[in-house]
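Handing you this structure, nothing more for now.
Since we're looking at a predicted model, the values are computed, not measured. Computation of the quantities below employed the complete heavy-atom set of this structure, encompassing side-chain atoms and omitting hydrogens, waters and symmetry-equivalent molecules. Ligands are counted one by one from 1 in listed order, and the atoms in each one are counted from 1 as well.
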Amino acid sequence: MNGHTMTLLSRLLAISVSTVCLFGAAQAETRLLTADAMLNVETGEVATGVGVLIEDGKVVSVGPLAAMSVPQGTETIDLRGYTIMPGMIDMHVHLMGNTDNHGYAALGVSSHSDTIYGVVNAETTLMAGYTTVRNVGAGAYSDVALRDAIAEGAVPGPRMFVAGPAIGITGGHCSDNNLLPAEYEAVGDGVADGPWAVRTKVRQNIKFGADLIKTCSTGGVLSKGTKVGAPQYTLEELEALVDEAHSHGLKVASHAHGAEGIYNALMAGVDTIEHSSFIDDKGIALARENGAYLSMDIYVTEYILGEGEAAGILEESLAKERMVGHVQRTNFTKAHEAGVKMVFGTDAGVYPHGQNARQLSRMVRFGMTPLEALQATTINAADALGKSDTIGSIQPGYFADIIAVKGNPLEDVSLLEDVGFVMKEGVIYKPAE
Ligand code: ARG
């Protein structure tokens with residue numbers, strides 16, 4: 001064997017070794033996970049003396065250790081001092097981009113740069129205990145690429161459900177860029193006006209790999225020149241969008257702050273309303289009737305009003321946030337009391353990734369029990385994704401997405417801000433100390 005062959009061989013070996021170590025590679029061997037306690041997010045029961053048997057990335061059995069039949073030689077991971085629960089799900093994130101870039105600072109950044117930061121943000125999010133996220137809008141289908149790279153095991157990150165470019169009106173909150181003057185002729189990836197143009201955009205997003213459709217039925221806080229109270233899209237356009245998406249089996253998420261845009265989205269049949277800030281009794285009744293979920297990002301206001309100015313958020317956006325943040329929290333309480341279904345969605349990306357769980361304690365402060373807040377980020381989110389049969393719960397046949405915290409999260413939900421162990425599909429990304 002000459003020197004050249006040797007080098008080639010060792011290179012090939014190195015490649016095959018690194019392939020084996022790829023992050024997503026499901027572990028074929030059987031493992032037993034034990035901990036001090038396990039929180040059942042369906043019932044709120046905290047059981048001791050239980051184990052979870054895992055094989056090929058999936059839960060095989062779960063229950064009292066004494067009654068469990070464990071194959072001989074099974075490796076045991078003993079999380080002493082920890083409580084385990086299902087991996088969390090954030091239904092409203094924007095993983096792409098550097099979160100330091102707000103307002104005009106975001107203009108000089110390429111989608112390539114956004115994607116590279118997306119890779120970093122994905123890992124941060126996973127390490128914080130989020131094993132699944134819904135990424136609600138990204139340019140250039142960079143979210144599709146990141147989702148696939150994570151699924152293929154090339155980079156670590158949460159399981160992603162992605163929207164591709166958000167679809168909206170000319171000059172709209174989620175579709176367009178209003179920062180540049182007319183001579184630049186800048187038009188966002190997702191701009192479409194009129195029912196047929198909207199259908200074309202939906203078809204295009206499906207063609208290029210979207211898992212869901214994101215639209216905007218009102219203006220927003222962080223977009224220049226849009227009004228949070230003003231509807232975006234007519235009912236006719238929204239109906240076309242939802243019909244097209246649903247006929248292909250995709251769910252629809254609509255950004256909506258103002259009451260009228262919330263009605264329009266609900267009447268058109270969207271599956272989740274994002275933000276829902278000015279939802280009123282009529283909107284609450286419609287959401288209940290339709291079984292639509294609200295995803296209310298009630299933490300982010302603290303970041304925008306506290307650190308937004310230094311971060312470059314436009315003054316007009318800060319002014320809008322002063323109108324929205326407080327009302328949104330009041331309406332969160334009201335909608336929850338009225339029995340509207342809720343999921344956990346944060347808008348992480350506006351603020352640093354990995355801090356998602358800060359919102360849980362706010363959801364409790366504004367009316368939920370700790371268990372309800374944890375259900376919003378597990379079983380409810382899984383249901384809203386249409387994935388109740390594989391994620392959100394620790395059950396036989398489900399993905400082994402399991403996290404652990406020190407203590408009982410039902411006594412202090414902010415324990416989830418410091419997740420000490422993360423497993424996704426049976427692979428340990430963050431080992432317990
Ligand atoms: N992306 C949203 C928007 O620009 C953020 C809203 C944040 N404010 C709030 N209170 N949730 O409209």
**OP:** Look at the rings of His94 and His92 and say which category their plane angle falls in: under 30° parallel, 30 to 60° tilted, over 60° perpendicular.
**Re:**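 The arrangement is perpendicular - the two ring planes meet at more than 60°.
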**OP:** For Asp243, enumerate each residue passing the side-chain contact (heavy atoms from CB on, under 4.5 Å) test, keeping only those at least two apart in sequence or located in another chain.
**Re:**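 Per chain and number, Asp243 pairs via side-chain contact (heavy atoms from CB on, under 4.5 Å) with Arg199.
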**OP:** Start with the C-alpha distance between Glu425 and Asp401, add both sets of side-chain angles, then the distance that settles side chain to side chain contact (heavy atoms under 4.5 Å, CB included), and finish with yes or no.
**Re:** CA-CA 5 Å; Glu425 274 180 50; Asp401 291 352; 4.2 Å; yes
List ligand 1's nitrogen or oxygen atoms that come under 3.5 Å of a protein nitrogen or oxygen, with the partner atom and distance.
unit_1   : atom_1 : unit_2 : atom_2 : d
ligand 1 : 1 (N)  : Asp347 : OD2    : 2.8
ligand 1 : 4 (O)  : Val221 : N      : 3.2
ligand 1 : 4 (O)  : Leu222 : N      : 2.9
ligand 1 : 8 (N)  : Glu321 : OE1    : 2.6
ligand 1 : 8 (N)  : Glu321 : OE2    : 3.4
ligand 1 : 10 (N) : Glu321 : OE2    : 2.8
ligand 1 : 10 (N) : Gln328 : OE1    : 2.9
ligand 1 : 11 (N) : Asp297 : O      : 3.3
ligand 1 : 11 (N) : Asp297 : OD1    : 2.9
ligand 1 : 11 (N) : Asp297 : OD2    : 3.1
ligand 1 : 11 (N) : Gln328 : OE1    : 3.0
ligand 1 : 11 (N) : Gln328 : NE2    : 3.4
ligand 1 : 12 (O) : Val221 : N      : 2.8
ligand 1 : 12 (O) : His257 : NE2    : 2.7

Original post:
Only one of Gln359, Arg362, Gln328 forms a side-chain hydrogen bond (donor to acceptor under 3.5 Å, both in side chains) with Asp297, so which one is it?
Top reply: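 Between Asp297 and the candidates, side-chain hydrogen bond (donor to acceptor under 3.5 Å, both in side chains) is satisfied uniquely by Gln328.
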**OP:** For residues Leu212 and Val252, determine if any side-chain heavy atom of one lies less than 4.5 Å from a side-chain heavy atom of the other.
**Re:**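 No; the side chains remain at least 4.5 Å from each other.
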Original post:
How about Phe208 and Tyr141: are their ring centres within less than 6.0 Å of each other?
Top reply: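 Yes, the ring centres sit under 6.0 Å apart.
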